[in-house]
Amino acid sequence: MAADLLPFVLCIAGDRKEQVLAVPDADMSGKESNCNKKEAVMAKIRMTTPLVEMDGDEMTRILWQMIKEELILPYIDLKTEYYDLGLEHRNETNDQVTVDSANATLKYGVAVKCATITPNAARMTEYNLKEMWKSPNGTIRAILDGTVFRAPILVKGIVPYVSNWKKPITIARHAYGDVYKNTEIRVPGPGKAELVFTGEDGTQIRETVHEFTGEGILQGIHNTKKSIESFARACFNYAVDTKQDLWFSTKDTISKKYDHTFKDIFQEIYDTEYKAKFEELGITYFYTLIDDAVARVIRSEGGFIWACKNYDGDVMSDMVATAYGDLSMMSSVLVSPSGVYEYEAAHGTVQRHYYKHLKGEETSTNSIATIYAWTGALRKRGELDGIPELVEYADKMEKACVKTIEDGKMTKSLSLISTCENPVILNSLEFIQAIRATFEEL
Ligand code: NAP
Ligand code: MG
């Protein structure tokens, strides 16, 4: 589906592109769009504040257009401020577009992001890049100072590998510091390793890490009070928002200063800022050691948020996603402590499917996570702007997604993990159109 089929007006406002998606109904009767009569007479839902739209790469960029044309533009008078984070445009703008899109998110409060390529050596050649640009998600996270919440999308017929899991487990991963911003030394031979902090006034704190008698390895990691506080508030706010219990776990018995500080900061913020609200909502905050948490999570029936330090969250989110079925059935949102939201799919750009698509071959790529990124963002916009129709639209579209799969219509990867007896396997566009048909019937 060519991008130029999409009728929109592009206005350049300063260095920003304001995309006003005013789609005349008459223009939507083309063969790609298949507007039916019902929709022609239905008024589109109006928006007051634009969403920050971050377009992306490869197969997910293709799905992005399909989703807009089939599932959004027919129903919503979509207002977005458009940023093209496709790798070519990031390269053209020296990655300035990524920074601009994050700043726009701070301004408007809600963004929806398509999956993007994080360049590596192969991409440098493929896209003839000026530089190996950083991960857009990393750049955006650093500007928004956020915490990433990932939750599985549950449907009947896709049964979690852990049989007692009945409700979603949302992983909240601290996205700053620890081993992801480390300093390492390969110790060449005998010698003394020390940890030294020099204050601004020159005062030093010094600890011996180890007296090496031979070769070894050494690592320095850090975190900041500010970032841990932001993480804690994002988790407490999300628990209040979604009315779920919050669990938090570290290894504070072993790491009596580092991990213990995480535990203390969470407890203090909970006691002073959130305890009353939690009690009012009937939800709980529960701290336990990471190994105890792992055991309890497996035995639980789900239905809570599990806040994890950066590394624990990295590892546990892949375990939880796989145990629930599939990365393409995970929703993901970055929440900043100031209440800014960025919705995206948890998976990547599905490169292998894109190459098939480029060769003109049929693809069967699951668009659910990308659709949920849109519905999540539109729902939040509706809540913030007091537009209940937008919230209802998002709820109904998500219901249509679930029902379509439960009715046996799905993409190939889902059919492989579904217990549905005779699934109808659809291609990428057909699946989105099937969701639209279900939506029309609801
Ligand atoms: P990926 O795009 O998530 O895909 C890995 C494999 O998972 C696919 O080849 C496919 O398996 C399956 N898959 C993932 N999403 C699917 C979907 N929606 N429907 C059906 N199958 C799906 O990860 P990757 O191939 O490692 O990375 C590709 C690019 O994405 C990289 O350039 C990476 O930098 C980027 N990436 C971006 C983000 C982000 O923006 N959030 C996250 C991760 C990766 P089969 O091929 O077996 O069908
Ligand atoms: Mg990981």
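Both ligands and their constituent atoms are indexed starting at 1 by order of listing.
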J.: Of the protein's non-hydrogen atoms, which lies at the shortest distance from atom 31 (C) of ligand 1, and what is that distance?
T.: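 Atom 31 (C) of ligand 1 sits closest to the protein heavy atom Arg123 NH2, 3.9 Å.
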J.: Looking only at distance, does Thr118 have an N or O less than 3.5 Å from an N or O of ligand 1?
T.: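 Among all N and O atoms of Thr118, at least one is under 3.5 Å from an N or O of ligand 1.
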J.: Which residue and atom name correspond to the protein heavy atom nearest atom 45 (P) of ligand 1, and how close is it?
T.: Arg352 NH2, 3.4 Å
J.: Are the side chains of Phe248 and Ile290 in contact, using a 4.5 Å heavy-atom criterion?
T.: no
J.: What protein heavy atom lies closest to atom 29 (C) of ligand 1? Include the residue and the distance to one decimal.
T.: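 Answer, as residue, atom name and distance: Thr349 OG1, 3.0 Å.
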J.: Of His353, Met330, Lys356, Met54, which has the heavy atom at the shortest distance from atom 21 (N) of ligand 1?
T.: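 The option holding the nearest heavy atom is His353.
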J.: Please work out which of Ser135, Gly348, Pro136, Ser367 has its closest non-hydrogen atom nearest to atom 42 (C) of ligand 1.
T.: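 When every heavy atom of Ser135, Gly348, Pro136, Ser367 is considered, Gly348 comes closest to atom 42 (C) of ligand 1.
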J.: For atom 17 (C) of ligand 1, what is the nearest protein heavy atom, given as residue, atom name and distance?
T.: Ser328 CB, 3.6 Å
J.: Is there at least one pair of N or O atoms, one from Ser364 and one from ligand 1, spaced under 3.5 Å apart?
T.: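 No, no N or O pair falls under 3.5 Å.
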J.: Near Ala115, which atoms of ligand 1 are under 4.0 Å from a heavy atom of that residue?
T.: 40 (O)
J.: Please write down residue, atom name and distance for the protein heavy atom closest to atom 40 (O) of ligand 1.
T.: Thr116 N, 3.0 Å
J.: Please indicate, with yes or no, if any protein heavy atom is found under 4.0 Å from atom 24 (P) of ligand 1?
T.: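 Answer no: nothing from the protein, no heavy atom, is under 4.0 Å.
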J.: Would Lys113 pass as a cation-pi partner of Tyr343, given that its NZ or CZ must be under 6.0 Å from the six-membered ring centre and within 45 degrees of the axis?
T.: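 Lys113 over Tyr343 ring: no.
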J.: So, for atom 6 (C) of ligand 1, does the protein have a heavy atom nearer than 4.0 Å?
T.: no
J.: Below 4.0 angstrom from a heavy atom of Asn137, which ligand 1 atoms are there? Numbered from 1 as shown, please.
T.: 39 (C), 40 (O), 41 (N)
J.: Tell me whether atom 36 (N) of ligand 1 lies less than 4.0 Å from at least one protein heavy-atom position.
T.: yes
J.: With respect to Glu58, determine whether any N or O atom, backbone or side chain, lies less than 3.5 Å from an N or O atom of ligand 1.
T.: no
J.: For atom 4 (O) of ligand 1, which candidate among Thr363, Val350, Ile117 holds the nearest heavy atom?
T.: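 The option holding the nearest heavy atom is Val350.
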J.: I want to check a possible cation-pi pair here: Arg46 against Tyr75, using under 6.0 Å from ring centre and within 45° of the ring axis as the test.
T.: no
J.: Any non-hydrogen protein atom below 4.0 Å of atom 19 (N) of ligand 1?
T.: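 Within 4.0 Å: yes, protein heavy atom nearby.
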J.: Compute the shortest N/O to N/O distance between Asn366 and ligand 1 and return yes if it is under 3.5 Å, no if not.
T.: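 For ligand 1, there is an N or O atom that lies under 3.5 Å from one belonging to Asn366.
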J.: At under 4.0 Å between heavy atoms, which part of Lys412 makes contact with ligand 1: side chain, backbone, both or neither?
T.: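 It is neither part, as no heavy atom is under 4.0 Å.
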